[in-house]
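In what follows, every heavy atom counts, from backbone to side chain, and hydrogens, waters and symmetry copies are set aside. On a predicted model such as this, the values are computed, not experimentally measured, just so you know.
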Amino acid sequence: MHHDFTFSIIKPNAVRTGKTGPILAMINGGGFEIAAMRMVKLTLSQAESFYSIHKGKPFFDSLIEFMTSGPVVVMILKHENAVDQFRKLIGRLIRLKLNQVPSGELLPVSVQMNAVHGSDSVENAIKEADFSFQELRDSNNR
């Protein structure tokens, strides 16, 4: 099994507030190669399918509402030991707040409304990448 790739989403709040470029710069600066990338607007059913593992949890409805609130950027990232390395990088990216305080300090946001999603295992990276680059492609082609 390949351990050299992971899957990531730049979430709607970060796309909406112009953080896509800085996040991509941080990803590149972290030594990751962007193997595939596209911007999509998740439908309700796509978001529910993607996050089905959380169905029934108290935050599920607000998570779905948030993830369908605007375009997202989905990516397949390459790097040695990519899942673990990207999770470490995400520790810094999660602190990328929608708005910086006057001092320029980045404030944390809630876990579900953070700027970036990264797969938590190789198995999930494969599943999430397949969903985002096969199912979404098939349903968004007109």
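With rounding to the nearest 0.5 Å, the separation of CD in E33 from CG in L77 is 9.5 Å. In this structure, the separation between CD on E48 and CG on L63 is 10.5 Å, given to the nearest 0.5 Å. With values rounded to the nearest 0.5 angstrom, F7 atom CZ is found 6.5 Å from F133 atom CZ. Note that the CE atom of M67 and the CG atom of N13 stand 9.0 Å from one another [nearest 0.5 Å]. In this structure, the separation between CG on N28 and CE on M26 is 11.5 Å, given to the nearest 0.5 Å.
Looking only at distances, no side-chain donor or acceptor of S132 sits under 3.5 Å from a matching main-chain atom of V74. Proximity of a side-chain donor or acceptor of E128 to a complementary backbone N or O of A125 within less than 3.5 Å is not detected. In this structure a side-chain-to-backbone donor-acceptor pair under 3.5 Å is present from T68 to I64. Between the side chain of R38 and the backbone N or O of V73, no donor-acceptor pair lies under 3.5 Å. Looking at S69, its side chain does come within 3.5 Å of a backbone N or O of F66 through a donor-acceptor pair.
The heavy-atom pair separating M75 from L24 by the smallest distance is SD-CD2, 3.5 Å. Minimum interatomic distance between E80 and Q85 (heavy atoms only, all atoms of both residues): O-CG, 3.5 Å.
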Next on the checklist: Could you go through V83 and F5, starting from their C-alpha distance and side-chain angles, then the distance that decides it, and tell me whether this counts as side-chain contact (heavy atoms from CB on, under 4.5 Å)?
Outcome noted: CA-CA 7 Å; V83 170; F5 84 93; over 6 Å; no
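Each of V116, I27, T6 was compared with I90 under the side chain to side chain contact (heavy atoms under 4.5 Å, CB included) criterion, and only V116 meets it.
Annotation: side chain to side chain donor-acceptor pair (under 3.5 Å) contacts involving residues 50-61, sequence neighbours excluded, comprise H54-K57.
Considering only heavy atoms from C-beta on, K127 comes within 4.5 Å of N124 through its side chain.
Taking the six-membered ring for Trp and thresholds of 30 and 60 degrees, F50 and H117 have ring planes more than 60 degrees apart, a perpendicular arrangement.
The ring pair (Phe, Tyr, Trp, His ring centres under 6.0 Å) search around F32 returns H79, F86, not counting sequence neighbours.
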